[in-house]
Every structure is written in structure tokens, then in C-alpha cells.
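Not measured: the values here are computed from a predicted model.
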Amino acid sequence: QVQVVESGGGLVQPGGSLRLSCVASESITRFYSMDWYRQAPGKQRKLIATITMTNYTTYDDAVLGRFTISKNTAQNTVYLQMNNLRPNDTAIYCCVTVTLELRPDYWGQGTQVTVST
């Protein structure tokens with residue numbers, strides 16, 4: 001059983017930056033990828049960034065060029081650096097482990113990001 005805990009969210013002004021962290025209770029090297037999702041109020045959860053065990057990264061078009069996903073495997077941690085934040089980035093951000101069979105496995109509780117003046 002892997003526990004995943006996100007942190008780093010908060011209130012930020014448009015144009016500001018935040019770095020989210022996702023810490024797993026066990027080694028993340030066992031997983032095919034670690035993903036970040038977000039869910040805005042009244043919206044469905046959406047995949048926004050992925051980093052594979054080979055460090056290949058992909059991004060949703062809405063965040064491409066502004067967000068960067070990275071990891072520190074020694075610390076069992078995945079990061080999401082968010083720059084030039086916009087009000088429509090407001091959402092609960094969650095990370096999830098993805099199995100070698102390419103299926104989402106363990107979800108974190110999420111961290112709230114609010115972009116507002």
C-alpha cells in the first residue's frame with residue numbers, strides 16, 4: 001500500500017508561481033509514471049502532466065510551457081513547478097502513481113491552488 005501526499009498549494013496572484021510536491025511512502029521507481037491531475041470547481045478531473053520512469057514528460061496544452069513536472073527518486077518525490085499562473089488554473093491538484101500496466105493506482109488527497117487577486 002503506497003501513500004501519496006501532496007503539498008505546496010495556496011493562494012497566489014495571477015502571474016505568480018507555486019511548486020507542488022508529491023511524496024510517496026515507498027519507492028516511486030516501481031511505477032511506470034507519476035501523474036498530476038487537477039479538478040476545478042464543477043469540472044471533471046483532468047490529466048495535466050506526466051513523468052515516466054525514463055523521465056519522459058508530457059503536458060496538457062493548457063499548461064504546456066508554464067508547468068514543469070520533475071522528480072527526485074531518492075526522496076520518493078514528484079514536483080510540479082507552476083509559473084505564470086492564471087485564474088483558470090484554480091483547482092485541486094492531485095498526484096497519482098501509474099502501474100507498469102499503465103493504470104492509475106494510488107491517489108493523493110490533493111492540494112488546493114487558488115489563483116486570484
Side-chain angles (χ1 to χ4, degrees):
Q1 182 73 217
V2 179
Q3 297 182 45
V4 180
V5 180
E6 304 96 336
S7 63
L11 175 64
V12 64
Q13 294 183 336
S17 298
L18 286 173
R19 189 181 75 161
L20 307 183
S21 298
C22 171
V23 181
S25 61
E26 299 179 8
S27 175
I28 62 175
T29 61
R30 61 190 289 194
F31 299 109
Y32 171 76
S33 72
M34 301 290 290
D35 295 356
W36 282 98
Y37 284 74
R38 70 184 183 188
Q39 186 170 24
K43 304 287 187 178
Q44 291 192 66
R45 182 181 290 161
K46 184 177 184 180
L47 176 66
I48 58 170
T50 295
I51 184 165
T52 72
M53 58 175 54
T54 60
N55 288 324
Y56 180 79
T57 59
T58 57
Y59 300 92
D60 182 78
D61 287 343
V63 306
L64 183 66
R66 299 188 298 119
F67 291 12
T68 302
I69 188 171
S70 62
K71 63 184 178 183
N72 185 327
T73 57
Q75 296 182 339
N76 300 333
T77 303
V78 178
Y79 303 99
L80 186 67
Q81 178 67 44
M82 306 185 297
N83 297 327
N84 193 24
L85 285 161
R86 303 165 181 169
N88 61 6
D89 292 321
T90 295
I92 297 175
Y93 287 73
C94 300
C95 64
V96 62
T97 63
V98 179
T99 69
L100 295 177
E101 294 72 40
L102 307 183
R103 300 181 70 88
D105 196 3
Y106 298 104
W107 292 87
Q109 291 291 96
T111 185
Q112 175 72 49
V113 172
T114 303
V115 184
S116 176
T117 58

Engineer: Can you get from Y59 to I48 by hopping between Ile, Leu, Val, Met, Phe, Trp and Tyr side chains that sit under 4.5 Å apart?
Structural biologist: yes
Engineer: How long is the span from the CD atom in Q75 to the OG atom in S27, to the nearest 0.5 Å?
Structural biologist: 12.5 Å
Engineer: Return the minimal non-hydrogen interatomic distance between D35 and V98, and the atom names on each side.
Structural biologist: OD2-CG2, 3.3 Å
Engineer: When hydrophobic residues are tied together by side-chain contacts of less than 4.5 Å, even through go-betweens, does L64 share a cluster with V78?
Structural biologist: yes
Engineer: Any chain of hydrophobic side-chain contacts (each under 4.5 Å) joining V96 to Y79?
Structural biologist: no
Engineer: So do the side chains of Y56 and T50 get within less than 4.5 Å of each other, counting heavy atoms only?
Structural biologist: no
Engineer: Does any non-hydrogen side-chain atom of M82 lie less than 4.5 Å from one of L20?
Structural biologist: yes
Engineer: So how far is it from S17 OG to F67 CZ, rounded to the nearest 0.5 Å?
Structural biologist: 9.5 Å
Engineer: Can you name the nearest heavy-atom pair linking G9 to T111, along with the distance?
Structural biologist: N-OG1, 3.1 Å
Engineer: I need the minimum non-hydrogen distance between L18 and G8, along with the two atoms involved.
Structural biologist: CD2-O, 3.8 Å
Engineer: Consider salt bridge (Lys or Arg N to Asp or Glu O under 4.0 Å). Of K43, R38, K46, which one does D89 pass it with?
Structural biologist: R38
Engineer: Can a donor-acceptor pair be found, under 3.5 Å and without considering hydrogens, that links the side chain of T57 to the backbone of I51?
Structural biologist: no
Engineer: With hydrophobic residues grouped by side-chain heavy-atom distances under 4.5 Å, do Y93 and V23 end up in a single group?
Structural biologist: no
Engineer: Only pairs at least two apart or in different chains count here, so list each ring-ring contact (aromatic ring centres under 6.0 Å, His included) that has a residue in residues 25-46.
Structural biologist: Y37-W107
Engineer: For Q109 and E6, work out which heavy atoms get closest and say how close.
Structural biologist: N-OE1, 3.0 Å
Engineer: So, do L47 and D60 sit near enough that their side-chain heavy atoms are less than 4.5 Å apart?
Structural biologist: no
Engineer: Which heavy-atom pair separates Q39 from Q44 by the least distance, and what is that distance?
Structural biologist: CG-C, 4.1 Å
Engineer: Could you report the tightest heavy-atom contact between T117 and P14, atom names first, then the distance?
Structural biologist: CG2-CD, 3.7 Å
Engineer: Are side-chain heavy atoms of L11 and S116 found at a separation under 4.5 Å?
Structural biologist: yes
Engineer: Kindly indicate whether the side chain of V2, heavy atoms from C-beta on, has any atom under 4.5 Å from the side chain of D105.
Structural biologist: no
Engineer: Are side-chain N/O atoms of T54 and T52 paired as donor and acceptor at under 3.5 Å?
Structural biologist: yes
Engineer: With sequence neighbours excluded, give me every disulfide bond (SG atoms under 2.5 Å apart) pair touching residues 59-117.
Structural biologist: C22-C95
Engineer: Measuring from N55:CG to S33:OG, what's the distance to the nearest 0.5 Å?
Structural biologist: 11.5 Å
Engineer: How long is the span from the CD1 atom in I92 to the CZ atom in R45, to the nearest 0.5 Å?
Structural biologist: 9.0 Å
Engineer: Do R30 and T97 touch side chain to side chain, with heavy atoms closer than 4.5 Å?
Structural biologist: no
Engineer: Quick one, M34 with I69, criterion side-chain contact (heavy atoms from CB on, under 4.5 Å). Give me CA distance, side-chain angles, the key distance, then yes/no.
Structural biologist: CA-CA 9 Å; M34 301 290 290; I69 188 171; 5.6 Å; no
Engineer: If you round to the nearest 0.5 Å, how far is OG1 of T90 from CG of L85?
Structural biologist: 8.5 Å
